[in-house]
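What you are looking at is a predicted structure, and each value in this text was computed from that prediction instead of being measured.
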Amino acid sequence: MIVYQADKESFLRQCNDEEIEEVIRASFKAATKGDVGESEVRSWRESLRYVARALSHHSIPNDIGVAVEFILPQSKKRIDVVLTGHAEDGSPHVIIVELKQWSTIKPTKRDAIVELREGQPLVHPSYQAWSYAAFLEGFNEAVHEGKLQLHPCAYLHNYVPDGVIDSPHYQPYIERAPLFLKSTGDLERLRSFISQYTSKGDGATVLAELENGRIRPSKALADDVHRLLKGNSSFALLDEQKHVFEAAKAACAQAHASGKPRVVIVEGGPGTGKSIVAVNLLAALRDGLTVKYISKNAAPRAVYSNTLIQTPENAHLVHLFGGSGSFTESAQNAYDVLVVDEAHRLTEKSGFYGNLGTHQIQELINAALCSVFFIDEDQRVTLKDVGTKEAIRDFAIARGATVEEYVLSSQFRCAGSDGYLAWLDDVLQIRTTANTTLEEINYDFQVFDDPATLHTAIEAKNSGNRARVVAGYCWPWNSKKNSKEMDIVIGNYRRQWNLNEDGSLWIISPESIDQVGCIHTCQGLEVDYIGVIIGPDLVMEDGALMTVPRARDRHDKTMKGYVKLSKSHPAHAAELADTIIKNTYRTLMTRGMKGCYVYATDPQVAAYFRARLQHAAAIERAVEVEA
């Protein structure tokens, strides 16, 4: 969708004779039935006059196309400015312009990431422009069949060249999307860049072809995904996983062929391979289906997309991964397939303030002909998590969709055994099971007397970058504002929470072994050994594990709404908080494939865990004596 479009002559006239920002705002309201904030209006006022200045040159024809706010299909992403026309040889071209008002940035070591200010990581504008072009090349038929040629660039009209924004670290993306800064030379270079592809004008026809291009995956995109999945052992399907994958893929094909919606529910505990099956379903791109992997939690999609992409050459595949909150305004059947991982983490409302949309499950089912939900209800870890099988069924039936259900039961984490999970449920007093011991389960579970010793033990296990320490969110994140401050302080043990620089990739960043992660940076992911610091939100009283919601840090969003709920419905609030806190530690303690090391701030909790292990050892010795 294009919010505003005109030819150069009309655009310049409106910039000179009218308030162009109000013209764009009126067009935005008419096109989207919504509005924008004053900051965006100011951004249009500031930046579009620089665009007008660049276009005010005789080498650029008056009839090139000018589009402002091109909304990418199947996305909320908007391209700032699109310029269209024909080159000297008559070929049609599209110029994508990313505008920024920045005047300074801080560099980072992360690929394509800058910091606008302390603690605010953003993608480099050249990467941003190039990624938009890559999306259109992958999904717009008019582009990937060669009818239109794309040329991304970034224009930072307030930024004086300083060797930072244009440093060698960012050159791979600047080469793909040229960067134009605040200098007379760069203004002339930008004009030359534009005229090179639009010298014969007639931009309206190009804009129309771009906007009306059919949305379907290109063969090149599908082949790239197929090659990367087949060549990466991280995504190999085993036994039951292969069976569920084929069944889900068949459901997608049936929905596409019949035009009738289908919903697939795949249930599985930690380590059953839900995410591996989910990522493999991107292979449906080869069948000509538009597919996207979705997760509420940023960490799984960041890690899996990073594992699949691997190199900057494949960075365009990032568009195949997205969050669950971007479907509030999606048209029905906008996608052929939506693969929803960690579906238990879905919430009712979307948006930063939790005030957008109706219900994420409903929106996802509505947005795709076939939606596939991977779920483990025992991993709901916030008060707002509403993802349940029952809710998915209800919304599917309301839409008239056929529902299929499958179960992944084989354990590939926790030393390949469901027994550890059952024992853990019994120990955490989530539910009583017959697994009171770890007998015959080859799993390394240890209790430590202090967190420093635990952390040292985990560091010793960090072979191949496969061991991490995590904790309950009971300590403030002081280092977020002051990188020199420590967060988790227990006696002489002083560590920081996961650094901003690592973001959602904390669990695979080599340096992150020094920090402590939380539920948000490890859920849905796995390592060989996990160290878990149990905070004061879990204590022992009269032989029972008791949860203490108020011991969580006040900034912990997983408990947001607890205080208000505890006043109106105290019993329900207490029950819900108990479930959330125990589920959190259950989830943290099942991130390790080979072992879990535990430290508890409450000595009685540590003694309780140790007693359960001693009980197991006693039974084993008794059996040996009888034999």
Would a distance-only check, ignoring hydrogens and angles, find a side-chain to backbone donor-acceptor pair under 3.5 Å from E115 to L122? no
May I ask you to say whether R216 pairs ionically with E145, meaning some side-chain N is under 4.0 Å from a carboxylate O? yes
Parallel, tilted or perpendicular: which describes the rings of F180 and F193, with under 30° parallel and over 60° perpendicular? tilted
Please confirm whether the backbone N or O of E40 pairs with a side-chain atom of R25, one donor and one acceptor, at under 3.5 Å? no
Which value, rounded to the nearest 0.5 Å, describes the distance between C15 atom SG and R53 atom CZ? 13.5 Å
Going by the angle between their ring planes, with limits at 30° and 60°, are Y155 and Y50 parallel, tilted or perpendicular? perpendicular
Taking atom types as modelled and ignoring hydrogens, do the side chains of R468 and S512 form a donor-acceptor contact shorter than 3.5 angstrom? yes
Measure from the side-chain N and O atoms of T32 to the backbone N and O of F28, and report whether any donor-acceptor pair falls under 3.5 Å. yes
Closest non-hydrogen atom pair between K182 and P161, with its separation: O-CD, 3.7 Å
Between D487 and N478, is there a donor-acceptor pair closer than 3.5 Å when you use the side chain of the first and the backbone of the second? yes
Can any side-chain N or O of K292 pair as donor or acceptor with the backbone N or O of Y335 at less than 3.5 Å? no
pair W477-D553: side-chain heavy atoms closer than 4.5 Å: no
Show your working on side chain to side chain contact (heavy atoms under 4.5 Å, CB included) between L83 and V66 and close with a plain yes or no. CA-CA 5 Å; L83 305 174; V66 180; 4.0 Å; yes
Minimum heavy-atom distance E342-P300, with the two atoms named: CG-CG, 4.3 Å
Would you say the side-chain atoms of H169 and S167 include a donor-acceptor pair closer than 3.5 Å? no
Side-chain (T521) to main-chain (C518) donor-acceptor, under 3.5 angstrom: yes
Does T558 form a side chain to side chain contact (heavy atoms under 4.5 Å, CB included) with T584? I'd like the steps, not just the answer. CA-CA 10 Å; T558 66; T584 298; 5.7 Å; no
N-O pairing of R45 and E21 below 4.0 Å: yes
How about H93 and T198: does a side-chain donor come under 3.5 Å of a side-chain acceptor? no
Just by distance, with hydrogens left out, do Q101 and S43 show a side-chain donor and acceptor under 3.5 Å apart? yes
Are the side chains of V318 and Y127 in contact, using a 4.5 Å heavy-atom criterion? yes
Determine the interplanar angle of the F235 and Y304 rings, folded into 0 to 90°, and report it as parallel if under 30°, tilted if 30 to 60°, perpendicular if over 60°. tilted
Distance col, row I488:CD1 vs S479:OG, nearest 0.5 angstrom, shows 9.0 Å
About how many Å separate CZ of R554 and OH of Y473, when rounded to the nearest 0.5 Å? 10.5 Å
Sub-3.5 Å donor-acceptor pair from the side chain of D385 to the main-chain atoms of V381, do we have one? yes
State whether the side chain of E211 and the backbone N or O of I2 hold a donor-acceptor pair below 3.5 Å, judged by distance alone. yes
Can a salt bridge be assigned to the pair E137 and R176 using a cut-off of 4.0 Å between side-chain N and carboxylate O? no
Any idea which heavy atoms bring N140 and I215 closest together, and the distance? CA-CD1, 4.4 Å
Do the side chains of V340 and S324 get nearer than 4.5 Å, heavy atoms only? no
How close do Y4 and S27 get, counting heavy atoms only, and between which atoms? CD1-OG, 4.0 Å
Run I490 and I533 through side chain to side chain contact (heavy atoms under 4.5 Å, CB included) and show every step you take. CA-CA 10 Å; I490 307 170; I533 298 175; 4.1 Å; yes
For residues S350 and Q360, is any side-chain donor paired with an opposing acceptor at under 3.5 Å? yes
Assess, by modelled atom type and distance only, whether the side chains of S295 and N297 contain a donor and an acceptor separated by less than 3.5 Å. no
Side-chain contact test, heavy atoms from C-beta onward, threshold under 4.5 Å: evaluate it for I96 versus L136 and give yes or no. yes
Keeping D63 on the side-chain end and D202 on the backbone end, is there a donor-acceptor pair under 3.5 Å? yes
Are E22 and V41 packed together at the side-chain level, in the sense that at least one heavy-atom pair is separated by less than 4.5 angstrom? yes
When you measure from the side chain of Q496 to the backbone of E485, do you find a donor-acceptor pair of N or O atoms at a distance under 3.5 Å? yes
Here the gap from T108 atom OG1 to I113 atom CD1, rounded to the nearest 0.5 Å, amounts to 6.0 Å
Salt-bridge criterion met for E329 and K33 (N-O under 4.0 Å): no
Using the benzene-type ring in the case of Trp, are the ring centres of H124 and Y173 under 6.0 Å apart? no
Minimal non-hydrogen separation, P125 against W102, with atom names: CD-CZ3, 3.6 Å
Roughly how far, to the nearest 0.5 Å, is the CD1 atom of I79 from the CG atom of L72? 4.5 Å
Between K200 and D89, is any pair of side-chain heavy atoms under 4.5 Å apart? no
Can you check whether I64 reaches V206 side chain to side chain, under 4.5 Å on heavy atoms? no
Would you check if L221 and H144 make a side-chain contact, meaning some heavy-atom pair closer than 4.5 Å? no
What are the two closest heavy atoms between F352 and K557, and how far apart are they? CE1-NZ, 4.5 Å
Drop me the distance from D224's CG to L285's CG, to the nearest 0.5 angstrom. 10.5 Å
Between L99 and W44, is a side chain to side chain contact (heavy atoms under 4.5 Å, CB included) present by the stated rule, with each step listed? CA-CA 10 Å; L99 298 171; W44 287 332; over 6 Å; no
